[in-house]
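Below: the structure, in structure tokens.
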Amino acid sequence: MEYMNTAPASAPEQKPAEEPRWLTAEEQRTWRFYLHATYLLEDHLDRQLQRDAGMPHIYYGLLVALAESPRRRLRMTELAMSAKITRSRLSHAVARLEKNGWVRREDCPSDKRGQFAVLTEEGVEVLRRTAPGHVEAVRQALFDRLSPEQQKSLGEIMEIIAEGLQPSEAGADLPWLR
């Protein structure tokens with residue numbers, strides 16, 4: 001993941017139409033700290049959820065999305081969009097959650113090809129037991145390390161980045177559309 005000019009010194013003088021905007025040393029530092037922190041945070045949360053509930057972080061997020069939805073159900077495409085994952089990855093995850101008895105699928109009466117994912121009572125109980133430990137892991141790993149001002153700045157920064165990466169136009173190449 002090197003983002004710097006790596007052309008050999010003896011390369012012929014062929015200048016591309018537009019020179020890449022290489023990262024400055026400070027940008028490179030920031031980028032690497034971002035990668036380091038996000039990888040470690042995701043691993044930390046995955047380990048906590050595997051230990052406490054036998055599930056990865058992505059599955060927990062799916063259960064939460066269903067719990068927060070009307071009638072604890074979402075169309076599979078909406079659930080994929082909520083989790084920012086491909087439909088095939090969602091299908092695999094929901095199959096595992098079904099096997100655990102935490103989710104069930106229901107056919108969509110208005111669209112014969114569509115399906116709903118529905119959070120079961122067992123799934124609700126898993127969330128009830130798991131949420132306190134998970135929120136404490138998030139708090140310790142992230143929020144307790146930041147001042148209120150830093151938390152606000154982080155939220156604003158992440159919102160700007162998310163909005164920039166999620167175009168609203170039709171035909172956008174987003175995971176849940178694949």
Side-chain angles (χ1 to χ4, degrees), residues 1-7 16-53 55-70 72 74-94 97 117 119 123 126-178:
M1 283 197 225
E2 296 295 320
Y3 293 98
M4 55 181 56
N5 188 351
T6 56
E18 191 175 313
E19 184 70 23
R21 294 183 332 136
W22 300 110
L23 298 179
T24 66
E26 187 60 27
E27 289 169 335
Q28 184 71 252
R29 181 181 169 280
T30 300
W31 174 243
R32 295 218 178 149
F33 273 125
Y34 167 82
L35 289 176
H36 190 70
T38 56
Y39 294 158
L40 289 172
L41 179 60
E42 189 61 31
D43 179 68
H44 175 75
L45 297 177
D46 258 347
R47 284 184 293 115
Q48 178 269 317
L49 285 164
Q50 285 289 354
R51 182 185 63 242
D52 293 355
M55 75 174 100
H57 192 214
I58 188 73
Y59 291 13
Y60 181 83
L62 296 172
L63 296 179
V64 168
L66 291 171
E68 293 175 344
S69 298
R72 298 190 320 226
L74 281 173
R75 285 185 65 114
M76 292 287 283
T77 52
E78 292 171 322
L79 188 54
M81 182 158 63
S82 168
K84 312 293 185 257
I85 59 175
T86 63
R87 290 179 282 195
S88 66
R89 185 170 180 203
L90 175 69
S91 184
H92 175 74
V94 169
L97 293 169
L119 185 65
V126 166
L127 277 177
R128 188 194 64 71
R129 285 192 323 263
T130 307
H134 182 64
V135 76
E136 186 58 29
V138 170
R139 182 167 297 291
Q140 287 177 351
L142 184 66
F143 294 103
D144 289 352
R145 298 172 189 275
L146 302 174
S147 70
E149 296 79 22
Q150 290 170 321
Q151 291 176 24
K152 185 174 188 275
S153 293
L154 179 63
E156 291 167 353
I157 291 166
M158 292 294 104
E159 182 178 11
I160 289 166
I161 292 170
E163 287 174 355
L165 292 172
Q166 188 170 313
S168 58
E169 69 268 4
D173 185 22
L174 296 167
W176 55 92
L177 299 176
R178 290 183 223 138

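The figures that follow rest on heavy atoms only: side chains count, while hydrogens, waters and symmetry mates do not. We're numbering straight along the sequence, starting at 1.
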**OP:** Verify side chain to side chain contact (heavy atoms under 4.5 Å, CB included) between His57 and Gln48, making sure each step is shown before the conclusion.
**Re:** CA-CA 9 Å; His57 192 214; Gln48 178 269 317; over 6 Å; no
**OP:** Show your reasoning for whether side chain to side chain contact (heavy atoms under 4.5 Å, CB included) applies to Leu90 and Leu62.
**Re:** CA-CA 9 Å; Leu90 175 69; Leu62 296 172; 3.7 Å; yes
For the student: nearest non-hydrogen atoms of [X] and [Y], plus distance:
X: His92; Y: Tyr59; value: CD2-OH, 4.1 Å
X: Gly133; Y: Asp52; value: CA-OD2, 4.4 Å
X: Arg89; Y: Ile85; value: NH1-CG2, 3.7 Å
X: Ala131; Y: Tyr60; value: CA-OH, 3.4 Å

To the nearest 0.5 Å, what is the distance between [atom1] ([X]) and [atom2] ([Y])?
X: Thr130; Y: Leu63; atom1: OG1; atom2: CG; answer: 8.5 Å
X: Leu119; Y: Ser69; atom1: CG; atom2: OG; answer: 9.0 Å
X: Leu79; Y: Arg87; atom1: CG; atom2: CZ; answer: 13.0 Å
X: Thr38; Y: Glu42; atom1: OG1; atom2: CD; answer: 8.5 Å
X: Leu165; Y: Lys84; atom1: CG; atom2: NZ; answer: 11.0 Å
X: Leu49; Y: His44; atom1: CG; atom2: NE2; answer: 9.5 Å

Original post:
For atom CZ of Arg145, is the number of surrounding heavy atoms from other residues, nucleotides or ligands below 6.0 Å larger than 12?
Top reply: no
**OP:** Inspect the surroundings of CZ in Arg75 and state if more than 12 heavy atoms from other residues, nucleotides or ligands are less than 6.0 Å away.
**Re:**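 Above 12, so yes.
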**OP:** List in chain and number order the residues that pass side-chain hydrogen bond (donor to acceptor under 3.5 Å, both in side chains) with Arg29, two or more places apart in sequence or in another chain; answer none if no residue qualifies.
**Re:**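 Listed in chain order: Glu26.
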Subject >> Side-chain donor/acceptor of Gln151 to backbone N/O of Leu146, under 3.5 Å >> reply: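 Such a contact is found between Gln151 side chain and Leu146 backbone.
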